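The structure appears right after this line, and notes come after that.
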Amino acid sequence: MCGRFIQSTHADQLAKRFNLLAMPDLTPRYNIAPSQPVLALRMTEPGQREAMSLRWGLIPAWSSEPRTAYSTINARAETVAEKPTYRQAFRQRRCLIPADGFYEWRNVGSRKQPYCIAPVNGRPLAFAGLWDRWERDGQVVESCTILVTQANALIARIHDRMPVILDPKDEAAWLDPTITDPAVLKPLLAPCPVEWLRVWSVSTAVNTTRHDGPELMAPLQVGLDL
DNA sequence: CCAGACGTTGTT
DNA sequence: GTCTGG
DNA sequence: CCAGACGTTGTT
DNA sequence: GTCTGG
């Protein structure tokens, strides 16, 4: 799955990578946790891409409270087109979530060892995401979820699920609001090639959400790598 | 019909 | 064990 | 995802 | 809102 990730690329670099006209000021973040704000990209009317900040953990528009009684930080690619919580968003409110890496935990006996996974080429990845807008009594909460799929052979050493990392050539289609056919969209949600990513073990400092900095990505020097 | 869920993962 | 907060 | 709380009353 | 279970 995907329960922590990194957004560290500067605004100007992101604007170039994702063809954005404007970007808000960004603070690099190395330990984004559920419930926190996430930078996401969506399509606006004249076909422009727009950056926005979304709460991580999708709150459906029909929810009575601006929260859910269950976890919506991830949506399974295999079933996202049918699930009541995600179906409308899947057809109408898809987004890209830029990421410079993510963390997964491997069970080692009774211990849990965190690993960092990041792009080999150093360029930001795009997670496939969905967003929704919740509104009651003038209170507005925009929120998102990250799609997950079967782990590729690299990630499978750690965990059996991983975020959907889109092929850059599919990013425009994922954002295109005129595409609503699951038969067209679902093939974009395959596990990414192992060649795009590298994996290494990191300190359990990442476990604590108040820790945030590039040091969280530092490789462990004690031979826990896979 | 109404009531109640609506999710993912891991573990047993 | 389970829920909430980050 | 992990970490940390998980309760009530009365007093300051 | 929409689907499932009773």
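No hydrogens, no waters, no symmetry mates; every other heavy atom, side chains included, goes into these values. Keep in mind that this is a model prediction, so the values were computed, not measured. Sequence lines set the chain letters: A, B, ... in the order given, protein chains first and strands last, and positions in each chain run from 1.
Distance CZ (A:R133) to C1' (E:dG1): 17 Å, rounded to an integer number of Å. Whole-Å rounding puts the A:L147 CG to B:dT9 P distance at 11 Å. Rounded to an integer number of Å, the gap from NZ of A:K83 to P of B:dG7 is 5 Å.
Listed by chain and number, the residues in a salt bridge (charged side-chain N to carboxylate O under 4.0 Å, His left out) with A:D167 are A:K169 (sequence neighbours excluded). With sequence neighbours excluded, no residue forms a salt bridge (charged side-chain N to carboxylate O under 4.0 Å, His left out) with A:R87. For the ring-ring contact (aromatic ring centres under 6.0 Å, His included) test, residues two or more places apart in sequence or in another chain that qualify with A:F5 are A:W56, A:F127. The salt bridge (charged side-chain N to carboxylate O under 4.0 Å, His left out) search around A:R29 returns none, not counting sequence neighbours. For A:R42, the salt bridge (charged side-chain N to carboxylate O under 4.0 Å, His left out) partners at least two apart in sequence or on another chain are A:E50, A:E142.
A:W131 belongs to a hydrophobic cluster whose remaining members, ordered by chain and number, are A:M52, A:L54; membership requires side-chain heavy atoms of ILVMFWY residues under 4.5 Å apart, directly or through intermediates. A:W62 shares a hydrophobic cluster with A:Y70; the chain of contacts runs through ILVMFWY side chains whose heavy atoms sit under 4.5 Å apart.
Rounded to whole Å, the separation between the P atoms of D:dA3 and B:dT8 comes to 24 Å. Taking the P atoms as reference points, B:dC2 lies 40 Å from D:dC6, given to the whole Å. Separating the P atom of C:dG6 from that of B:dG4 is a span of 31 Å, rounded to the nearest Å. Comparing B:dT9 with E:dG1, their P atoms are spaced 29 Å from each other, to the whole Å.
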Protein-nucleic acid N or O pairs under 3.5 Å, nucleotides 1-6 of chain D:
from, atom 1, to, atom 2, distance (Å)
D:dC1, O2, A:R4, NE, 2.7
D:dC1, O2, A:R4, NH2, 3.0
D:dC2, OP1, A:K112, NZ, 2.6
D:dC2, OP2, A:K112, NZ, 3.3
D:dC2, O4', A:R4, NH2, 3.0
D:dC2, O3', A:N207, ND2, 3.4
D:dA3, OP1, A:N207, ND2, 3.3

Atom pairs, protein N/O to nucleotides 3-6 of chain E N/O, distance under 3.5 Å:
from, atom 1, to, atom 2, distance (Å)
E:dC3, OP1, A:R87, NH1, 2.9

Solution key, residues 180-199 of chain A side-chain donor-acceptor pairs under 3.5 Å, sequence neighbours excluded:
from, atom 1, to, atom 2, distance (Å)
A:D181, OD1, A:A183, N, 2.9
A:K186, NZ, A:E78, O, 3.1

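Under the 4.5 Å side-chain heavy-atom criterion for grouping Ile, Leu, Val, Met, Phe, Trp and Tyr, A:L58 is connected to A:F90 within one hydrophobic cluster. Residues A:L41 and A:I146 do not share a hydrophobic cluster, defined by chaining ILVMFWY side chains whose heavy atoms lie under 4.5 Å apart.
The side-chain ring of A:Y70 is not stacked on the base of B:dG7, judged by centre separation under 5.5 angstrom and plane angle under 30 degrees.
OP1 or OP2 of B:dT9 sits under 4.0 Å from a side-chain N or O of A:R161.
Looking at DNA chain C, the stems built from 3 or more consecutive Watson-Crick or G-U wobble pairs, each pair with its key distances under 3.5 Å, are C:1-6 with D:1-6.
Applying the salt bridge (Lys or Arg N to Asp or Glu O under 4.0 Å) test to every pair with at least one member in residues 15-26 of chain A, sequence neighbours left out, gives these pairs: A:R17-A:E171.
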